[in-house]
Amino acid sequence: MAISKHWAEQYAQRVIETHEKTSTQNTITCASGITPSGFVHIGNFREIMSVDLVYRCIKIQHKNCRFIFSWDDFDVFRKIPDFIENKAKFEPYLRHPITEIPSHDKHHQNYAQSFEKKLETELKRVGISPMYLYQSQKYKNGDYAHEIRTCLKHRATIKEILNQQRTTKLPEKWWPVSIFSKFTRTDNTEVLSWDGEWTLTYLCKDTNQKELCDLRNTDCIKLLWRIDWPMRWAYEKVSFEPAGKDHHSKGGSFDTGKSISSQIFDYKAPVSFKYDFVRIKGGKGKMSASEGELITLEEALSVYQAEVLRYIFASTRPNIEFAISFDLDVIKVYEDYDKCERIAHGLEDVSQERKQKEISNYTLSQISEHYTLSSNQDQLLQFSFRHIANILQIYNFDKALCLERLLKDSVHENDVVSKNTKDMTDKLERRIICCEQWIKNYAPQDFIFRLRDAPVSIHSYAPKLVHAIDSFAHRLVDEWHNFDDEGVHNLIYETCSLYEQKPQEFFSAMYYLLIGKEKGPKLAKFLMIIGKETFCFLMKPSLVNNNIMEDT
C-alpha cells in the first residue's frame, strides 16, 4: 500500500506537474506578500510559512525554484493603527501611500520600512529568505507600465468580470487604477481621460488641479488590488501562491483574479489553496495588524524555538484553523516536537506510514532548507521543556547553572541518546532561553515557584502528618544514594499508607515546606533535582534532632 505524502509534498507535486504542462519557463516561482500597514502577526506568517514548505518540497525534487515575497508598500494608508501613540502626527498622512509616511520609530526611513525590516530579520531566524520585491519601487520605476496600459485598454472587460461578482455595479466612469495626487499625495482623485497609449489625465479633488501622467514615468498610478494581484501572477510567472479563506470565498479576489489573469494577460492562475485563520488560545477572534490583539513572529519566537514553531505549521494542514498557545499547552507542543524528533531518528517504534509522516514534519521543521536527516542517532540530545522549567526555577533563572546541570545529568538519562556536540548544546541553550521567557511572561501562576530561602516549622500540621513527614525525610536522607525518581515516589505512598495519611494532604504539606505553595512539580523527581543538601536545609525542622544534619 502506498504511503500518503505530506500535504506540502502533495502540493509541490501538483505545482511541478502543472508547471511542466502549462509553462515554458524553466524556473518555478512561488509567491507570497503582504501590506506592511502594521505589525506582521503570526496569522500572516501562516501564508509565508506555507509557501516556504511547498517551495522546499519542490527544491528537494531538484527543480529550479524561487520564492518571491512582495511588500505591497504602495497601498494606501487607510487607518491609524491602535498601537500608534501620537495619532495626531499621522492624521495628515491618511490616504497617502504607506511607503511615503514617516516611520513610527526613529530607526527607519518610512512607516512601511519599519515593519518590513523587522519581519525580514525575523524570517531569517526561521530559515526563510525569499527574494523581496517592493511594489512602491516597481510601480515608480515604471516596471508595470505596459501592464497598466493593457488594463486601461481592456477596462470594459475587467469591469464586466468584477460586476459578475458584485451586487452593486461599478459606476460608468470606473477605471482600473488608483491615482495618488502629485499635489497632495492622497488618492482623492478622479481619472478624466486616457489617450489610448501612455498619457492619462486626472483631477485632484482636494485642489481642483489637473495633471497629465506618462504611464512609463510616474509615481502616481497603481492598479486596484483585484487587478494588481493577477497582473503580478503574469508578470512574475507565478506557479504557486496560497491565500486566506476570505480571498478564496466564492466570488472573492482569487475567483476574479483567475478570470482577469486568463482573459486580460493570457496567463493561467497559479496553483493555490486556502489557508485558515490562526488564533490566540483564549483570544477574542481574528488577529489584525492594526487593531485588536495579535502575536508577532518575534513574540512567538520568544517562547517557541524556531524548529518548534516551524513544526506547528508543518504538522497542521493549512485549511485547518488552530490556536497558537502560550499557556500550559506550550509544554505539550514541545513534547509533540520531541516525539516527532525521536520517531524521525528511529528511536520509537511506529508504523511505517507514521514514521514517514514524522520524518517529513521533522525535516521541514529544521531551519536549514538543505537539512537531511542524519542516520547517526548519537547526535540526538533532548530535554523536556517541563524539566527545563523546573531546573530554571530551582536555580532562580541562572541559565548557565541550568545548562551545566542539564548537561551533567544527560549522561544518566537512559531514554535519550546524548552526545555533547556544539550544535546540540546550542539548541539546548535556545530552549532554556525560550523556557525562561515563557515562565516570566506567560506561564500560569500555578506553574511558577521558587524554593524557600529559609525552612519553616511543620508543627502546625496534625501530629500524624508531622510524624509522616519526619519519617519520610529521615528515610530519604539516610538512604539518598539508593533512591531514584521511582523509588522516592514509592516511598511517599508507603509513608502515607503507614501513617494513614491522604497522599493529597502529604503532597500539599511537602510543597508548602519546599516552595510555599500547595502544588508544584512532580514531587519525587523534584526532590531528586534539588538534591540532598537543599532538601536537608529546607526540611531542617524534621531533621534537626537527627545526626544526619551534621553529616550533611
Side-chain touch [X]/[Y], heavy atoms, less than 4.5 angstrom:
| X | Y | answer |
| --- | --- | --- |
| Ile264 | Lys153 | no |
| Phe180 | Asp219 | no |
| Phe447 | Ile331 | yes |

State whether [X] and [Y] are salt-bridged, where the test is any N-O pair (Lys NZ or Arg NE/NH1/NH2 against Asp/Glu carboxylate O) under 4.0 Å.
| X | Y | answer |
| --- | --- | --- |
| Arg354 | Glu358 | yes |
| Asp52 | Arg56 | yes |
| Asp228 | Arg232 | yes |
| Arg431 | Glu307 | no |

Item to complete: Supply the atom-to-atom distance Ile295 CD1 to Ile42 CD1, rounded to the nearest 0.5 angstrom.
Response: 8.5 Å

Discussion item. For the aromatic rings, using the six-membered ring if either is Trp, is the centroid distance between Tyr362 and His345 under 6.0 Å?
Written reply: yes

Item to complete: Taking the six-membered ring for Trp and the single ring otherwise, decide whether the centroids of Phe39 and Phe115 are under 6.0 Å apart.
Response: yes

Residue list, side chain to side chain donor-acceptor pair (under 3.5 Å) with [X], at least two apart or on another chain:
| X | value |
| --- | --- |
| Lys522 | none |
| Asp143 | Lys138 |
| Asn441 | Gln437 |
| Ser50 | none |

Can you name the salt bridge (Lys or Arg N to Asp or Glu O under 4.0 Å) partners of [X], sequence neighbours left out?
| X | value |
| --- | --- |
| Glu436 | Lys399, Lys440 |
| Arg66 | Glu236 |
| Lys332 | Asp336 |
| Glu122 | Lys118 |

Practice prompt. Let me know which of Phe83, Phe90, Phe77 forms a ring-ring contact (aromatic ring centres under 6.0 Å, His included) with His104.
Written response: Phe83

Practice prompt. Report the residue from Phe383, Trp438, Phe385 that forms a ring-ring contact (aromatic ring centres under 6.0 Å, His included) with Tyr334.
Written response: Phe385

Residues forming a side chain to side chain contact (heavy atoms under 4.5 Å, CB included) with [X], sequence neighbours excluded:
| X | value |
| --- | --- |
| Ser325 | Lys281, Tyr304, Asp327, Asp329 |
| Lys5 | Glu9, Gln10, Gln13 |
| Gln356 | Ile3, Ile359, Ser360 |
| Thr316 | Arg46, Ile320, Phe322 |

Practice prompt. Return yes when atom NZ of Lys159 has more than 12 non-hydrogen atoms of other residues, nucleotides or ligands closer than 6.0 Å, and no otherwise.
Written response: yes

Fill in: Asp73 versus Ser136, side-chain donor and acceptor atoms under 3.5 Å
yes

Discussion item. With no hydrogens and no angle check, just 3.5 Å: does a side-chain donor-acceptor pair link Ser114 and Asp105?
Written reply: no

Item to complete: Evaluate the ring-ring contact (aromatic ring centres under 6.0 Å, His included) criterion for residues Tyr111 and Tyr93: first the C-alpha distance (whole Å), next the side-chain angles of each, then the deciding distance (0.1 Å), finally the verdict.
Response: CA-CA 11 Å; Tyr111 179 87; Tyr93 296 97; 9.8 Å; no

Worksheet entry | Side-chain donor/acceptor of His247 to backbone N/O of Pro242, under 3.5 Å | no

